[in-house]
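The first residue of the sequence shown is numbered 1, and numbering continues consecutively from there. Side chains are part of it too, since the values below use all heavy atoms of this structure and drop only hydrogens, waters and symmetry mates.
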Amino acid sequence: MTLPVQYIWLIPALPLLAALVGALTPRRGRALASGAAIAAMAGSTLLSCSALATALADPAAHLVSNFTWFGLGTGAVQLGWLLDPLTGFMCVMVSFVSLLIFIFSLGYMHEDENFKQFFCFLSLFAAAMLGLLVANSLLLLFVCWELVGLASYLLIGFWFHKPSAAAAAKKAFITTRIGDLGFLLGLVWLYDSTGSLLFYAGGNGVLEPSALGSLAGQTLAGGLAASTAIGLLIFCGAVGKSGQFPLHVWLPDAMEGPTPVSALIHAATMVAAGVFLIARVYPLMSADQALAHVPVHALTVVAFIGAITALLGAVIAVAQTDIKRVLAFSTVSQLGYMMLALGVGSWTASIFHLLTHAFFKALLFLGAGSVIHAAHHEQDIRSLGGLRPRMKVTFATFAIGMMALSGVPFLFSGFWSKEAILHAAHEWDVSHLPLYAGLTAVVLTAFYMTRLVAETFFGSPRSETASHAHESPAVMTVPLVLLAVGAVLLGFAGTPACPWLQARLSGTPLHSSMEHLFEGGGLMLLSIVLVGAGLGLGWVLYGRKPRASANAADPLAQSFPQTYAFLGARLKFDELYAATLFRLNSGLASLAAFFDLWVWGGAVNLLAWLGEFGGEVNRKFDEEGLNDGFDTVSGSVRGTGQRYSRAQTGEAHGYMRTIAIAFAILSLLLVWLVVASGGGR
């Protein structure tokens, strides 16, 4: 059964509907909210598998279904759906891993009073991520991108009664917005240059040769190509969302959310979005590669940022004591590997590692959740220990995830995907610095993961909670087993002998041969030696003689106290930002407040005073001049009228007397005039 591209919107629509059901369900409707969420993810998983089958029927094709959203002047804003192997594989991974995390959450969040809201937020998160994957428009992708940010804010701060959780949610939301601002500017610039934001549109999409040639041909100040500038702005969004240096600081703090949230963010959804974005717009990012005059290529920046992040995350993880923070910095490091692969020109190796990482990192986080649940929310590895005989399933699956992440050959998926990245970095002719950073991170990863397992599961319990720990229920352990199977088997889909996954992603013919299995054997051997060195050193320091008590000194802290403390403080990036960027921001805010209060506010107050003064003058002239004069004249007229009105009695006899008197007076006046006239002659 295949799913036509016209219907792939159903994949994100199902969890979105489940989120709506959860939002409208009363708090006591726990079963309805969780059941709807899990059923929706199961449906999305089946639809994703059908969509992948459709995409693999012709891997080189980009199946699209575009439609008009609304008219804009003489044109229209178009959105659309896109189905290709990249979309198909990502949808299957996100939906399946999310489904297992949802099921695990039934046990982990069972006692939480906001159980119903939790599944509502989980469904919204999954819907936003799946919508991002199926979008054929950078605008639609950006809308879903921001919904992922909103859902992450809700989930990281889910236990909002904890100040640390509320602060972590705000930190994640604001930090990722910094990168998203660059993304938005790149999106607007791209639309202004091409008139479209569709990826593929019958030759008129922004990822098709016509638009790419035009963008690469536009030279900006300094010789930079327009495609380079736009690509780097879009990359800013990926830096924020995928926790790349220097915006990586939010990602470890996201551990304040419930552990299933950590698994969802760090494995299948949010952090994978940035890597997926760069893989999706890879033709745009690589459009300047053939231009020798360009001073900086977009992918070169991506490669070095990825290399720095891979090394940075691994170094800091060495000295962390919170079980989830160790895994969080591990995620930072592994995301750096993925960006490194994109930068050196192997986006298929990056996606291969993204897919394998989703399984073994979800396994590790859920395994950590199982430990935390059993140990009554104890997360400090120094206070754990002795859990191996008490939690056999959790230990076995966690160990599989640890070996996959460490790159133990040849059984575990992380080995094959990591090797693909290292070989791509080795073949990069720009610089070998990313390769050296990757190799250093290899030994560090094996070391800190061995330390984590030894401190958590070996030795004797170092607290009451650890001594009373017991295996988690089946609703939590079954997802662990399924993820462990994926952490082993998925690697065989992309071995050098049979790179089936890479061929399907790129749409190229598959060339399989056992002769290719050990190509670049020297580098592979070096990688294996480094993994062995990290595992051995970790075991010597932490496994051979486990910590006796929670207060016992760490072996690294004893040998390198200042360095260990500096790493434990996460290289003091937060303090550095607080002393520089935050202080600068506070200074600018104070300056803006001064201008607002005294300059612009003063001008407004002056104008207001002038208005009041003019109003007072007008009032006096109106009330004391015009009104008083008018009142005086009116009073005189009114008095005359009143006096005249007294004569109007309405009595006929009075009127007759008045007429008679007037007649007599007039007669006398006439006589007097006649006499006076005669006397004059």
Side-chain angles (χ1 to χ4, degrees), residues 34 38 96-112 115 118-119 122 155 158-159 254-268 320-328 330-331 357-405 449-459 461-488:
S34 59
I38 292 174
F96 181 66
V97 173
S98 297
L99 173 61
L100 296 181
I101 294 173
F102 281 32
I103 295 172
F104 181 92
S105 300
L106 288 175
Y108 191 87
M109 300 295 293
H110 179 71
E111 301 297 331
D112 197 283
F115 181 89
F118 184 74
F119 277 90
L122 284 183
L155 287 170
F158 184 75
W159 286 329
M255 298 299 96
E256 292 294 336
T259 301
V261 173
S262 304
L264 199 63
I265 289 177
H266 286 245
Q320 300 303 306
T321 56
D322 185 301
I323 186 172
K324 289 170 64 176
R325 288 191 185 274
V326 175
L327 297 177
S330 168
T331 299
H357 177 266
F359 279 84
F360 61 69
K361 185 52 64 69
L363 170 60
L364 288 169
F365 268 112
L366 295 186
S370 179
V371 169
I372 294 168
H373 182 266
H376 302 283
H377 296 279
E378 177 60 68
Q379 297 183 199
D380 193 328
I381 59 176
R382 295 171 297 186
S383 299
L384 294 174
L387 299 182
R388 182 166 54 112
R390 293 170 172 81
M391 306 181 70
K392 294 180 180 179
V393 176
T394 298
F395 167 71
T397 54
F398 196 92
I400 291 173
M402 169 263 182
M403 288 186 282
L405 174 58
M449 287 307 299
T450 304
R451 170 180 178 263
L452 177 61
V453 171
E455 292 273 64
T456 303
F457 292 98
F458 287 84
R462 296 183 291 273
S463 65
E464 283 295 317
T465 55
S467 63
H468 291 94
H470 55 82
E471 187 59 89
S472 299
V475 73
M476 298 171 67
T477 56
V478 170
L480 295 180
V481 173
L482 294 176
L483 287 169
V485 172
V488 173

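Residues L122 and S105 come closest through the heavy atom pair CD1-OG, 4.0 Å. In plain terms, the two heavy atoms of M109 and F115 that are nearest each other are O-CD1, 3.1 Å. L480 and G367 get closest at one heavy-atom pair: CD2-N, 3.5 Å. Looking at every heavy atom in both residues, E455 comes nearest to R462 through O-NH2, 2.5 Å. Across every non-hydrogen atom of V97 and A358, the tightest pair is CG1-O, 4.2 Å. Contact detail for G257 and S262: the closest heavy-atom pair is O-OG, 4.1 Å.
Using a 4.5 Å cut-off on side-chain heavy atoms (C-beta onward), L327 and L452 make contact. L264 has its side chain within reach of S98: a pair of non-hydrogen atoms, C-beta onward, lies under 4.5 Å apart. With a 4.5 Å cut-off on side-chain heavy atoms, F365 and F104 do not count as touching. Inter-residue side-chain proximity for L363 and F398 is flagged as unmet; no heavy-atom pair is nearer than 4.5 Å. Residues F158 and D112 are in side-chain contact: their nearest non-hydrogen atoms beyond the backbone lie under 4.5 Å apart. By the 4.5 Å heavy-atom criterion applied to side chains, M402 and F457 are not counted as neighbours. L106 is listed as a side-chain neighbour of I38, based on a closest heavy-atom distance under 4.5 Å. Using a 4.5 Å heavy-atom threshold, the side chains of I400 and V488 count as touching.
Residues passing the salt bridge (Lys or Arg N to Asp or Glu O under 4.0 Å) test with D322, sequence neighbours excluded: none. Scanning for side chain to side chain donor-acceptor pair (under 3.5 Å) contacts around S383 gives an empty result, with sequence neighbours left out. Residues forming a side chain to side chain donor-acceptor pair (under 3.5 Å) with S330 (at least two apart in sequence, or on another chain): K361, Y448. Every side-chain contact (heavy atoms from CB on, under 4.5 Å) that V485 has, sequence neighbours left out, goes to L489. Applying the side-chain contact (heavy atoms from CB on, under 4.5 Å) rule to L482 yields the partners L100, V478; only residues at least two apart in sequence or on another chain are considered. Not counting sequence neighbours, the partners of H377 by the side-chain contact (heavy atoms from CB on, under 4.5 Å) test are Y108, I372.
Among pairs with a residue in residues 371-383, those fulfilling salt bridge (charged side-chain N to carboxylate O under 4.0 Å, His left out) read D380-R382, at least two apart in sequence or across chains.
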Legend entry - Audit row: E111, H373, side chain to side chain contact (heavy atoms under 4.5 Å, CB included) steps and yes/no: CA-CA 11 Å; E111 301 297 331; H373 182 266; over 6 Å; no
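Distance check, rounded to the nearest 0.5 Å: NE2 of H468 to NE2 of H376 gives 8.0 Å. The line from OG1 of T331 to NZ of K324 is 11.5 Å long, rounded to the nearest 0.5 Å. Taking CD1 of I101 as the start and CZ of F96 as the end, the distance is 11.0 Å to the nearest 0.5 Å. Between atom OG of residue S34 and atom CZ of residue F118 there is a gap of 11.5 Å, rounded to the nearest 0.5 Å. Interatomic distance, CD1 of I323 versus CG of L384, reported as 6.5 Å (0.5 Å rounding).
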Check residues 388-396 and write down every donor-acceptor pair under 3.5 Å in which the side-chain atom is one partner and the other belongs to a residue at least two apart or another chain.
unit_1: R390; atom_1: NE; unit_2: S467; atom_2: O; d: 3.3
unit_1: R390; atom_1: NH1; unit_2: G386; atom_2: O; d: 2.7
unit_1: T394; atom_1: OG1; unit_2: S370; atom_2: OG; d: 2.9
unit_1: T394; atom_1: OG1; unit_2: E471; atom_2: OE2; d: 2.6

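The local environment of NE2 in H110 is sparse, with at most 12 non-hydrogen atoms from other residues, nucleotides or ligands closer than 6.0 Å.
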